[in-house]
> 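Got a structure here, written out as structure tokens. Questions coming.
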Amino acid sequence: MREFLERAQAAVGDDGRLRLGAMASWDVFPFEIDGLRPRTLSEYAVPEPDRRKSAADCKTCGALDRDDLVLHTGERLAVIRPGGTNLPFVANIVSRTHEPLDDLDDAGHVELGRLIGRTYGALKALVGIGNVHVNKWENGTGHLSVTLLARPEGVLQLRGSNLSVWADMLPPTAAEELAARAEQVRAALA
């Protein structure tokens with residue numbers, strides 16, 4: 001929608017940048033406002049470039065081949081975990097074949113909904129988890145991935161949509177802790 005970009009470009013200030021949005025005033029915003037500024041808007045790009053990776057270059061496809069990372073296998077979907085994270089736990093609901101969300105049929109949608117609910121419950125039941133955030137990004141790889149991020153209980157600054165930004169800055173969670181939580185999640189999904 002070229003009109004969307006044109007409307008946004010019309011709202012830039014004298015410096016060619018949009019103003020910081022309301023999120024910058026939230027108490028959970030991870031940055032100090034002084035010195036922070038948005039990037040300039042990029043050019044309109046239609047058709048969008050194809051960013052999909054081949055199955056051979058896809059990290060999700062590689063994770064599906066690792067028993068230590070697979071937490072549950074369903075008919076069309078699986079639940080996996082990344083090898084490491086800076087949060088107490090992260091799980092991804094992914095397609096078992098290299099396909100995006102667009103390619104799921106109604107049965108796949110039903111399985112996805114069921115696995116989101118079950119995985120959410122399994123992560124929320126882990127000791128020390130305050131909440132679980134559900135996101136779908138797919139990251140341009142061409143492989144369906146719905147990510148569930150477990151927020152530590154009592155760390156209120158990590159609440160909300162900036163959890164993934166905070167997670168990028170936190171120190172890594174010990175591999176032994178992640179492995180123990182993976183076993184608990186695996187058992188809950190069995």
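We use all heavy atoms of the structure for the numbers below, so side chains are in, but hydrogens, waters and symmetry mates are not.
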> Counting only heavy atoms not in Arg52 (residues, nucleotides, ligands), do more than 12 fall under 6.0 Å from its CZ?
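12 or below, so no.
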> Run through Ile93, Val79, Asn92 and flag the one making a side-chain contact (heavy atoms from CB on, under 4.5 Å) with Leu71.
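Result for side-chain contact (heavy atoms from CB on, under 4.5 Å) with Leu71: Val79.
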> Quick one: ring-ring contact (aromatic ring centres under 6.0 Å, His included) pairs with a partner in residues 18-40, sequence neighbours left out?
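Sorted result for residues 18-40: Phe29-Phe31.
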> Name each donor-acceptor pair under 3.5 Å that joins a side chain in residues 114-128 to protein atoms two or more places apart or in another chain, with its distance.
unit_1: Arg118; atom_1: NH2; unit_2: Leu189; atom_2: O; d: 2.6
unit_1: Thr119; atom_1: OG1; unit_2: Leu115; atom_2: O; d: 2.7
unit_1: Tyr120; atom_1: OH; unit_2: Asn131; atom_2: OD1; d: 3.4

> Apart from Val70 itself, what residues make up its hydrophobic cluster when side-chain heavy atoms of I, L, V, M, F, W and Y under 4.5 Å apart count as a link, directly or indirectly?
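ILVMFWY cluster around Val70 also holds Leu64, Ile80, Val94.
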> Looking only at heavy atoms, what is the nearest atom pair of Leu178 and Gly83, with distance?
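Scanning both residues, the minimum pair turns out to be CD1-O, 4.4 Å.
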> Can you name the closest pair of heavy atoms from Val155 and Arg151 and give their distance?
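Smallest interatomic distance, heavy atoms only, reads O-NH1, 3.6 Å.
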> So which pairs with a foot in residues 160-169 pass side chain to side chain donor-acceptor pair (under 3.5 Å), sequence neighbours left out?
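Every pair satisfying side chain to side chain donor-acceptor pair (under 3.5 Å) with a residue in residues 160-169: there are none.
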> Do you reckon Leu77 sits in the same ILVMFWY cluster as Val134, going by side-chain contacts under 4.5 Å, direct or chained?
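Per the 4.5 Å side-chain linkage, Leu77 and Val134 are co-clustered.
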> State, to 0.1 Å, how close Pro38 and Leu20 come at their nearest heavy-atom pair, and which atoms those are.
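Heavy atoms of Pro38 and Leu20 come nearest at CD-CD2, 3.8 Å.
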> Testing the basics here: between Asp27 and Arg159, what is the closest heavy-atom pair and its distance to 0.1 Å?
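Smallest heavy-atom distance, with atoms named: OD2-NH2, 3.2 Å.
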> Which heavy atom of Asn86 sits nearest to which heavy atom of Pro172, and what is that distance?
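The pair with the smallest heavy-atom distance is OD1-CA, 3.2 Å.
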> Kindly state each residue pair satisfying salt bridge (charged side-chain N to carboxylate O under 4.0 Å, His left out) with at least one member in residues 140-149, sequence neighbours excluded.
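Every pair satisfying salt bridge (charged side-chain N to carboxylate O under 4.0 Å, His left out) with a residue in residues 140-149: there are none.
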> Restricting to pairs with a member in residues 54-78, which pass side chain to side chain donor-acceptor pair (under 3.5 Å), not counting sequence neighbours?
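Listed once each, the pairs are Ser54-Asp57, Arg66-Asp68, Arg76-Glu99, Arg76-Asp105.
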> State which residues pass ring pair (Phe, Tyr, Trp, His ring centres under 6.0 Å) with His98; sequence neighbours excluded, sorted by chain then number.
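Expected list: His143.
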> Show the nearest heavy-atom pair for residues Thr97 and Ser95, with the distance to one decimal.
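Shortest heavy-atom separation between Thr97 and Ser95 comes out as O-OG, 2.7 Å.
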> Which ILVMFWY residues can you reach from Leu156 by hopping between side chains whose heavy atoms are under 4.5 Å apart?
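Answer for Leu156: none, a lone residue.
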> Under the side-chain contact (heavy atoms from CB on, under 4.5 Å) test, which residues partner Leu41, sequence neighbours left out?
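If we apply the side-chain contact (heavy atoms from CB on, under 4.5 Å) test to Leu41, skipping adjacent residues, the hits are Leu5, Ala8, Gln9, Val12, Leu18.
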> I'd like to check the side-chain hydrogen bond (donor to acceptor under 3.5 Å, both in side chains) partners of Arg81; sequence neighbours left out, ordered by chain and number.
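Arg81 satisfies side-chain hydrogen bond (donor to acceptor under 3.5 Å, both in side chains) with no other residue.
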> Are Leu87 and Leu69 joined in one hydrophobic group, where the rule is that I, L, V, M, F, W and Y side chains link up if heavy atoms are under 4.5 Å apart?
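Per the 4.5 Å side-chain linkage, Leu87 and Leu69 are not co-clustered.
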> Which residue pairs pass the side chain to side chain donor-acceptor pair (under 3.5 Å) test with at least one member in residues 11-21, sequence neighbours excluded?
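Every candidate side chain to side chain donor-acceptor pair (under 3.5 Å) pair involving residues 11-21 fails, so no pair, neighbours aside, qualifies.
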> Which value, rounded to the nearest 0.5 Å, describes the distance between Arg186 atom CZ and Glu183 atom CD?
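Interatomic distance, Arg186 CZ to Glu183 CD, rounded to 0.5 Å: 4.5 Å.
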> Could you list all the ring-ring contact (aromatic ring centres under 6.0 Å, His included) pairs where at least one residue sits in residues 169-190, not counting sequence neighbours?
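Applying ring-ring contact (aromatic ring centres under 6.0 Å, His included) to every pair that reaches into residues 169-190, excluding sequence neighbours, yields nothing.
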> Scan Leu148, Leu163, Leu149 and name whichever one has a side-chain contact (heavy atoms from CB on, under 4.5 Å) with Val132.
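Option passing the side-chain contact (heavy atoms from CB on, under 4.5 Å) with Val132: Leu148.
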> Ion pair present between Glu3 and Arg7, side-chain N to carboxylate O less than 4.0 angstrom?
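No, no charged N to carboxylate O under 4.0 Å.
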> Measure the CG-CD distance between Leu104 and Glu111 for me, rounded to the nearest 0.5 Å.
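One gets 8.5 Å once the value is rounded to the nearest 0.5 Å.
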